[in-house]
J.: 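Once you've had a glance at the structure underneath, I'll fire off some questions.
First listed ligand is number 1; within each ligand, the first listed atom is number 1.
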Amino acid sequence: MAAPEGPLVVGVDSSTQSTKALVVDAATGEVVARGQAPHTVSPEHESDPEQWWQALRQALEQCGPAVHRAAAVSVGGQQHGLVTLDGRGRPVRPALLWNDVRSAPQRDRLVAELGGPKAWAERFGSVPAASFTVTKWQWLRENEPEAAAAVKAVRLPHDYLTERLSGQGATDRGDASGTGWWSTADQAYDQEILGKVGLSPELLPRVLGHGEAAGTVRPQEGLPLPQGTLVATGTGDNMAAALGLGLRPGRPVLSLGTSGTVYAVSTRRPADPTGTVAGFADARTDWLPLACTLNCTLAVDRVAALFGLDREAVEPGGGVTVLPFLDGERTPNLPYASGTLTGLRHDTGAGQILQATYDGAVYALLAALDLVLDEDAEPDAPILLIGGGAKGTAWRETVRRLSGRPVVVPRAQELVALGAAAQAAALVLGEDAAAVARRWSTAEGPSYEAVERDEEALTRLAATLSDADTLLRRH
Ligand SMILES: Nc1ncnc2c1ncn2[C@@H]1O[C@H](COP(=O)(O)OP(=O)(O)O)[C@@H](O)[C@H]1O
Ligand SMILES: O=C(CO)[C@@H](O)[C@H](O)COP(=O)(O)O
């Protein structure tokens, strides 16, 4: 490996299953060192923020001596999670994560109380799902009032880590737009919804503009980053990946991780009253319309494990249909649903059930793609396939067969961490983060041409979803 040309920067991805850290040469985008440490998620979908901090320290430690030379750091984190802190900055309770649907009743009431789905979409860009932070806060108030009363600061996962690094309560518009208390119309915290849920704005972090620094790394024992290292604002993990790809408007991304997401950058502020598309802000000055499923790689891996199969051991055919809603679902909005399997015959093979699970997971995302893309998007633009699942052949082939579009799998694998690194590099170099990532050529990788769309499978999935509606909505 050639000696790094530019200053070194650190990008962090604190996602659902693990923390990944990359040390990156700001001039070339070359990854000089990497580290990764796992997280624990409880069956209720809660995680201890203190464990995220320890995972961050471990991941940085694994990066070795390069990390001591970092000029700046930035954190991309799983969106929406409710982190509640006491007066000393310690978690009051474990964080409620994006894939916890316990706040579905609070979600329904909040949507109705603030004028219904259209009013929410126009004001907040999104009709909130039970993933959104505001619904979780309301759940906490109703179910654990003593814990809610002890809260002196509310943070998102990436803000929590930014604050542990720098001592500053700061966030960015991208992650703020997934809370349900930051209005995309006003680009500010919304006093009415905060009043309704009894949350003082003083408990929330400042929303910084892109290109601003949150602060510098404060002295801390056992943290390998040098004191005084610049700390960028950070952002939500999907916004970070969009930055990491240097994404231009209209180009669709499909991310296969714990969550499945499909999104594009748009210059128009989204406001989808059906609630399928969340109208997030991106980490710069544009928008990031996005649809998210709760059941993606973990649902497929669970079905493979049930049958004792490798995740690649798929078989075609068989006419079986799986709606893999093991955790309830957000897209479509079916928080009380569980998984269903129909079309089982004596000759159905386990590999066919596994393939049908991939199909069910990918179908939900592709069904939202047309709503995510605005009229500026090219209809045949290739899908950029990212996330842990993008490493798998069965995932890639399922996306090709059900989308009928070309697919590009970027060679750079850790796009969230790279996007965070681009934010850090932008601070040091005084440039735009997306321009930095474009120079790094992060979106390049093998290209797979379009194949004929499997209309039979798509029609069968749509019909099963419609026929099972009553079952899927039962509490
Ligand atoms: N080689 C592979 N082939 C297919 N899937 C993979 C492979 N390696 C990892 N995965 C999937 O990637 C998922 C983790 O993806 P990742 O994007 O890192 O998740 P998250 O960001 O949500 O923590 C795992 O659940 C696993 O199923
Ligand atoms: O809720 C969403 C997007 O709205 C999720 O995409 C989370 O941001 C979690 O991401 P991963 O940990 O699966 O990357």
J.: Students should be able to answer this: which protein heavy-atom is nearest to atom 11 (C) of ligand 1, and at what distance?
T.: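 Going atom by atom, the protein heavy atom closest to atom 11 (C) of ligand 1 ends up being Gly388 C, 3.8 Å.
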J.: May I ask you to list the atoms of ligand 2 that are less than 4.0 angstrom from any heavy atom of His80?
T.: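 Listed by number with element: 1 (O), 2 (C), 3 (C), 4 (O).
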J.: To check your reading of the model: name the closest protein heavy atom to atom 12 (O) of ligand 2, its residue, and the distance in Å.
T.: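 That would be Thr16 OG1, 2.5 Å.
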J.: Please identify each residue that fulfils ring pair (Phe, Tyr, Trp, His ring centres under 6.0 Å) with Trp137, with sequence neighbours left out.
T.: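 Per chain and number, Trp137 pairs via ring pair (Phe, Tyr, Trp, His ring centres under 6.0 Å) with no residue.
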J.: Are any of the N/O atoms on Lys20, whether in the backbone or the side chain, positioned under 3.5 angstrom from an N/O atom of ligand 1?
T.: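 Yes, Lys20 has an N/O under 3.5 Å of an N/O on ligand 1.
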J.: Are any of the N/O atoms in Thr258 less than 3.5 Å from those in ligand 1?
T.: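 Right, the criterion is met.
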J.: Any idea which atoms of ligand 2 are less than 4.0 Å away from a heavy-atom of Thr261?
T.: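 Listed by number with element: 6 (O).
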J.: Nearest to atom 10 (O) of ligand 2 by heavy atom, Asp237, Ile386, Leu288: which?
T.: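 Ranked by closest heavy atom to atom 10 (O) of ligand 2, first place is Asp237.
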J.: Just let me know how Asn99 lines up against ligand 2, side chain, backbone, both or neither, with a heavy-atom cut-off below 4.0 Å.
T.: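 Neither part.
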J.: Based purely on interatomic distance, does Gly257 place a nitrogen or oxygen under 3.5 Å from a nitrogen or oxygen of ligand 1?
T.: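 For ligand 1, there is no N or O atom that lies under 3.5 Å from one belonging to Gly257.
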J.: Using the test side-chain contact (heavy atoms from CB on, under 4.5 Å), find all partners of Ala283 that sit at least two apart in sequence or belong to another chain.
T.: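 Partners of Ala283 by the side-chain contact (heavy atoms from CB on, under 4.5 Å) criterion, ordered by chain and then number, come out as Asp172, Thr235, Met239, Leu243, Gln423.
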J.: Would Trp395 count as a polar contact of ligand 1, with the cut-off being nitrogen or oxygen pairs under 3.5 Å?
T.: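 For ligand 1, there is no N or O atom that lies under 3.5 Å from one belonging to Trp395.
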J.: Among all protein non-hydrogen atoms, which one is nearest to atom 5 (C) of ligand 2, and what is the separation to 0.1 Å?
T.: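 Result for atom 5 (C) of ligand 2: Ser259 OG, 3.4 Å.
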J.: Output yes when the distance from some N or O of ligand 1 to some N or O of Gln17 is under 3.5 Å, and no in every other case.
T.: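 Right, the criterion is met.
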J.: What part of Arg330, side chain from CB on, backbone N/CA/C/O, both or neither, has a heavy atom under 4.0 Å from ligand 2?
T.: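 The part of Arg330 near ligand 2 is the side chain, not the backbone.
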